[in-house]
Peer 1: 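The structure that follows is given in the form of structure tokens.
Just so we're on the same page: letters track the sequence lines, and every chain starts at 1. The structure presented is a predicted model; accordingly, all values stated were derived computationally and were not measured.
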Amino acid sequence: MSEQFEPILVGFTCNWCSYRAADLAGTARVKYPPNIRLVRLMCSGRLDPAFVIKAFAEGADGVLITGCHPGECHYLEQNYKALRRYLLLRRTLEQMGVEPERLKLVWASAAEGVKLAHEISTMVEEVRALGPLDWPRWWNENGFHAVVEEQAQEVTA
Amino acid sequence: MKKQTEIEGKERIGVYVCHCGTNIAGIVDVEDVAAWAEKELGDRGVVITRDYKFMCSSLGQELIEKDIKEQGLTRVVVAACSPHLHEATFRKACENAGLNRYLCELVSIREQVSWVHTDKVAATAKAKAVVAGGVERVIHHEPLEALHVPIHPATMVVGGGIAGIQAAIEIADAGFPVYLVEREPSIGGHMAQFDKTFPTLDCAACILTPKMVTAGTHPNIKIFSYSEVTNVDGYVGNFTVTIRKKARYVNEELCTGCGICQEKCPAKVIDDIYEAGLGYRKGAYIPFPQAVPKFPVIDKANCVFFERGTCKACQKFCPTNAIDFDQEDEYVTVEVGNIILATGYDLFDPRQISQYGYGRLANVFTSMEFERLSNAAGPTNGEIVLRDGVTKPTSVGIIHCVGSRDRNYNNYCSVICCMQSLKFAHLVHERTGATVYNFYIDMRTAYKEYDEFYQRVLEEGTLFVRGKVAEVTDAARLSIEEGKLIIQVEDTLAGVQRRIPVDMVVLSAAMIPRHDAHDVAHLFGISCSANGWFIEKHPKLDPVATMTEGIFIAGCVQGPKDIPSSVAQGAAASARVLGRIQQGEIALEPVRATVDQSICSGCRICNNLCPFNAILFHEDRMVSEINAALCQGCGTCIAACPAGAITGTGFSNEQIFAQIEGLMRVNFQHEKMTELA
């Protein structure tokens with residue numbers, strides 16, 4: 001592998017559509033880059049914005065939110081609520097200095113394994129182009145909270 | 001925010017990494033993953049890690065059970081396939097060893113790692129991350145008890161074609177009530193329109209109508225014909241379904257099905273449904289003589305009385321005063337435990353392929369039109385004739401794969417067209433002695449007795465041309481082409497272009513999903529494939545169940561199929577339903593939300609977010625409460641609660657946060673990943 005930057009993405013999937021799309025991509029042996037790690041939720045409506053912030057804080061360079069297509073939510077309409085939160089969250093992230101492109105919402109039905117794989121591949125490349133997330137790292141080499149340690153050192157000094 | 005990983009692990013966790021033969025081990029270094037987990041996750045409470053060829057095998061499960069008992073494991077993480085495949089397997093293993101089934105976490109390193117990635121080093125690194133995520137998550141699992149709900153013994157079958165009829169009869173014979181809902185005035189479906197059925201050539205009516213009568217007279221079957229489902233509430237075991245009985249303007253209590261109304265009705269309209277546009281029916285009509293139920297329908301759009309306010313011939317002559325012009329649509333609500341969807345297919349409209357001339361050239365017929373032409377009870381009494389109604393064809397061209405196996409229309413194979421075209425060839429040969437040409441891409445006759453039938457038709461002298469027809473035209477170039485339809489085709493076996501003049505062309509049109517398949521899927525909470533067919537739970541191992549508990553599918557709703565397969569699926573779906581009914585109750589995933597009323601501020605933000613109206617607000621105490629029976633566990637309210645008062649079992653904030661931390665534990669430094677590679 002070349003020296004290129006390998007971003008890490010966290011993907012949130014819903015149990016009914018997009019997680020099954022990921023399963024289908026697997027069953028059909030559709031390839032996508034290994035840079036994404038998926039978390040299963042019951043519904044995209046379960047996505048607490050704090051999950052996204054948490055992923056970024058843990059060092060993710062991008063977060064992909066996926067859910068059922070509008071009108072096809074297993075819980076009737078909860079993906080619309082995910083959409084609202086996503087739009088608001090993108091604006092919030094921007095104000096926090098995170099490029100809004102690092103957060104993406106994609107609809108993928110249980111039949112759309114190929115589409116999901118394509119969206120993942122595209123986003124990995126987009127985030128790769130953005131470079132590492134320039135957010136204070138939570139961890140330093142010693143496994144400590146970098147900022148907190150810095151502040152602690154300042155205080156002791 | 002306190003990191004979840006800072007909380008010291010007190011659990012004793014076992015990690016099991018599956019090879020799945022070479023499915024996982026071929027890409028992921030499973031031994032390395034197991035060794036890594038033992039070393040790196042020891043501080044998180046991992047006390048034992050194993051890798052095994054097939055964790056899902058009984059030996060694999062016994063391994064887990066033994067460790068739980070001997071090592072005193074309190075949590076289990078299995079890294080293998082998708083939880084949708086084997087979560088239940090490993091939960092059961094835990095339960096067998098006395099560990100609560102929800103203290104087990106199955107993480108996918110097959111569908112989400114080995115099958116989708118090619119770089120072995122990166123895939124192994126990702127597998128480690130996924131395992132770490134599972135370990136962190138499982139620490140926060142809590143022992144849960146499944147919710148047991150009773151199964152209502154009644155079943156609803158939607159669609160009265162052969163698949164639906166079969167399903168209804170099987171369940172009714174077992175002694176349980178069935179509601180059979182059919183959109184058309186009679187059950188029977190497409191099969192009722194056919195003349196002969198391949199490969200045995202027994203007459204469709206002869207084998208179908210006894211089944212229709214059985215369904216119609218069965219004490220356990222209640223047929224709602226000329227009806228549609230308008231609303232579905234509830235969940236597995238306890239559905240409340242609303243059926244709209246469309247007004248047929250005939251009192252079913254009084255009607256004897258004598259047919260005098262049909263006889264006396266002056267309105268005559270083209271029958272687009274049953275006769276495929278080739279024949280006529282009356283304004284008051286029984287779709288076909290063997291209809292079940294036998295009650296006629298007065299077609300409001302084509303009734304002289306509804307049009308001009310006068311006529312009522314049917315009412316005057318009805319011997320039992322059964323005609324009721326004041327009848328209105330009736331809404332009936334029934335309680336059922338399970339639902340079988342057998343709503344069938346539509347026929348591809350060949351007008352879309354304009355070069356084949358259907359709709360423009362009179363003697364181009366669809367396969368369904370040909371079925372009616374060849375049917376002894378059809379508009380021509382079984383005479384195979386041209387559109388003029390008298391001339392017998394001397395040559396007939398049958399074109400396969402019209403709208404299927406064609407990337408302009410549908411990529412899939414419609415399964416039945418080859419055999420159906422062979423049947424047509426045989427019937428034309430038998431009844432008219434005409435020369436028959438079959439234009440095919442590939443012959444697909446794979447089923448019992450099917451290829452033998454193909455041989456038979458070959459021996460009868462039917463001519464086969466391998467090639468996709470380019471055009472059907474009436475523009476003659478030679479004198480022998482005058483007045484004929486000319487089929488322009490590349491004969492790919494001989495490597496020549498051919499122009500074949502024929503009198504009649506039959507288009508074996510594709511089976512396509514019902515035009516309203518998406519609406520129906522949405523109504524019942526299931527999903528359609530990209531093509532529009534309903535998605536089964538597993539394409540091989542669970543072809544009649546769906547992802548939604550309590551909703552089953554049978555017949556062509558799942559994909560194109562012939563009659564034997566539709567019947568088999570109808571019976572299979574009923575077997576699944578009967579199993580449920582016999583159990584009496586079903587265990588539901590205890591994924592539910594609850595409000596901690598001591599924290600709830602009564603802001604009511606969550607109240608309007610719930611689409612199931614599961615959240616009620618206590619005005620007196622100013623707090624919200626969630627009704628566990630109505631809650632479906634989506635978790636939207638949990639994410640919305642500003643006070644953090646709502647928690648969700650199975651998917652709590654702590655569990656998700658911990659999983660994210662675990663996932664990011666490996667290679668969170670970007671350099672490392674490159675280094676590994």
Peer 1: Using non-hydrogen atoms only, which part of N531(B) is less than 4.5 Å away from chain A: side chain, backbone, both, or neither?
Peer 2: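 Neither part, no heavy atoms under 4.5 Å.
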
Peer 1: What are the two closest non-hydrogen atoms of V666(B) and I8(A), and how far apart are they?
Peer 2: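 Result for this residue pair: O-CD1, 4.2 Å.
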
Peer 1: Could you measure the distance from the NE2 atom of H69(A) to the NE2 atom of H518(B)? Nearest 0.5 Å is fine.
Peer 2: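 So the gap between those two atoms works out to 9.0 Å.
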
Peer 1: Relative to chain A, which segment of Q659(B) carries a heavy atom at a distance below 4.5 Å: side chain, backbone, both, or neither?
Peer 2: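 When you check distances to chain A, only side chain atoms of Q659(B) fall under 4.5 Å.
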
Peer 1: Locate the shortest heavy-atom distance separating P83(B) from Y19(A); write the atom from each residue and the value.
Peer 2: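 Scanning both residues, the minimum pair turns out to be CD-OH, 3.1 Å.
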
Peer 1: If every non-hydrogen atom of A111(A) is compared with every non-hydrogen atom of S529(B), which pair is closest and at what distance?
Peer 2: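 Minimum heavy-atom contact is CB-CA, 3.7 Å.
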
Peer 1: Answer yes or no: is there a donor N or O on one side and an acceptor on the other, between the side chain of K126(B) and the main chain of I36(A), under 3.5 Å?
Peer 2: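 Judged by distance alone, yes, a pair lies under 3.5 Å.
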
Peer 1: If you count the non-hydrogen atoms of other residues, nucleotides and ligands that lie under 6.0 Å from NE2 in H118(A), is the total more than 12?
Peer 2: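 Count not over threshold, so no.
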
Peer 1: Between R40(A) and R137(B), is there a side-chain heavy-atom distance shorter than 4.5 Å?
Peer 2: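 Side-chain contact under 4.5 Å: no.
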
Peer 1: Looking only at heavy atoms and a cut-off of under 4.5 Å, which of L38(A), T27(A), L24(A) has the most pairs with chain B?
Peer 2: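 Most heavy-atom pairs under 4.5 Å with chain B: L38(A).
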
Peer 1: Using heavy-atom distances under 4.5 Å, tell me whether L85(B) contacts chain A through its side chain, its backbone, both, or neither.
Peer 2: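 It is neither, since no heavy atom gets under 4.5 Å.
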
Peer 1: Can you tell me if K31(A) has over 12 outside heavy atoms packed within less than 6.0 Å of its NZ?
Peer 2: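 Atom NZ in K31(A) is crowded, with more than 12 foreign heavy atoms closer than 6.0 Å.
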
Peer 1: Which heavy atom of G635(B) sits nearest a heavy atom of R46(A), and at what distance?
Peer 2: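 Heavy atoms of G635(B) and R46(A) come nearest at O-CD, 3.3 Å.
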
Peer 1: According to ring-ring contact (aromatic ring centres under 6.0 Å, His included), who are the partners of F51(A), at least two apart in sequence or on a separate chain?
Peer 2: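 By the ring-ring contact (aromatic ring centres under 6.0 Å, His included) rule, F51(A) matches F657(B).
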
Peer 1: Does any backbone or side-chain atom of V10(A) lie under 4.5 Å from a heavy atom of chain B? Answer side chain, backbone, both or neither.
Peer 2: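 Looking at V10(A), just its side chain touches chain B.
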
Peer 1: Between C637(B), P539(B), S82(B), who has the most heavy-atom pairs with chain A when the cutoff is under 4.5 Å?
Peer 2: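 Looking at each of C637(B), P539(B), S82(B) in turn, S82(B) comes out on top.
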
Peer 1: Work out which heavy atom in L663(B) is nearest to a heavy atom in V39(A); give both atom names and the distance.
Peer 2: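 Taking every non-hydrogen atom into account, CD1-CG2, 3.4 Å.
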
Peer 1: Find the distance between CZ (F56(A)) and CE (M664(B)) and round it off to the nearest 0.5 Å.
Peer 2: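 Reported value, rounded in 0.5 Å steps: 10.0 Å.
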
Peer 1: Could you tell me if the side chain of V113(B) sits less than 4.5 Å from the side chain of R37(A), heavy atoms only?
Peer 2: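 Answer no - side chains too far apart.
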
Peer 1: Taking all heavy atoms of C634(B) and all of C43(A), pick out the closest pair and write down the distance.
Peer 2: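 In this case the closest contact between C634(B) and C43(A) is O-CB, 3.6 Å.
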
Peer 1: A640(B) versus chain A, heavy atoms under 4.5 Å apart: side chain, backbone, both or neither?
Peer 2: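 When you check distances to chain A, atoms from both the backbone and side chain of A640(B) fall under 4.5 Å.
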
Peer 1: Answer whether the closest heavy-atom distance between the side chains of M547(B) and N15(A) falls below 4.5 Å.
Peer 2: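 With C-beta onward as the side chain, the pair stays apart.
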
Peer 1: Checking heavy atoms, do the side chain of I535(B), its backbone, both or neither come under 4.5 Å from chain A?
Peer 2: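 Only the side chain of I535(B) comes within 4.5 Å of chain A.
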
Peer 1: Could you look at C528(B) and say if it's the side chain, the backbone, both or neither that has a heavy atom under 4.5 Å from chain A?
Peer 2: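 It is the backbone, since no side chain atom gets that close.
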
Peer 1: By the side chain to side chain donor-acceptor pair (under 3.5 Å) test, which pairs, at least two apart or in different chains, include something from residues 75-92 of chain A?
Peer 2: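 Applying side chain to side chain donor-acceptor pair (under 3.5 Å) to every pair that reaches into residues 75-92 of chain A, excluding sequence neighbours, yields W16(A)-Y75(A), E77(A)-K81(A), Q78(A)-K81(A), Q78(A)-T636(B), Y86(A)-R90(A).
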
Peer 1: Between K54(A) and E661(B), is any pair of side-chain heavy atoms under 4.5 Å apart?
Peer 2: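 Of all side-chain heavy-atom pairs linking E661(B) with K54(A), at least one is under 4.5 Å.
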
Peer 1: How many angstroms lie between NE2 in H117(B) and CZ in R29(A), if you round to the nearest 0.5 Å?
Peer 2: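 That separation rounds to 13.5 Å.
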
Peer 1: Among R110(B), E589(B), Q632(B), which residue forms the greatest number of heavy-atom pairs with chain A at distances under 4.5 Å?
Peer 2: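 Ranked by contacts with chain A, first place is Q632(B).
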
Peer 1: Side chain, backbone, both or neither: which part of L41(A) has a heavy atom under 4.5 Å from chain B?
Peer 2: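 Contact with chain B involves both backbone and side-chain atoms of L41(A).
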
Peer 1: Check whether any side-chain heavy atom of T548(B) lies under 4.5 Å from a side-chain heavy atom of H74(A), and answer yes or no.
Peer 2: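 They are in side-chain contact.
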
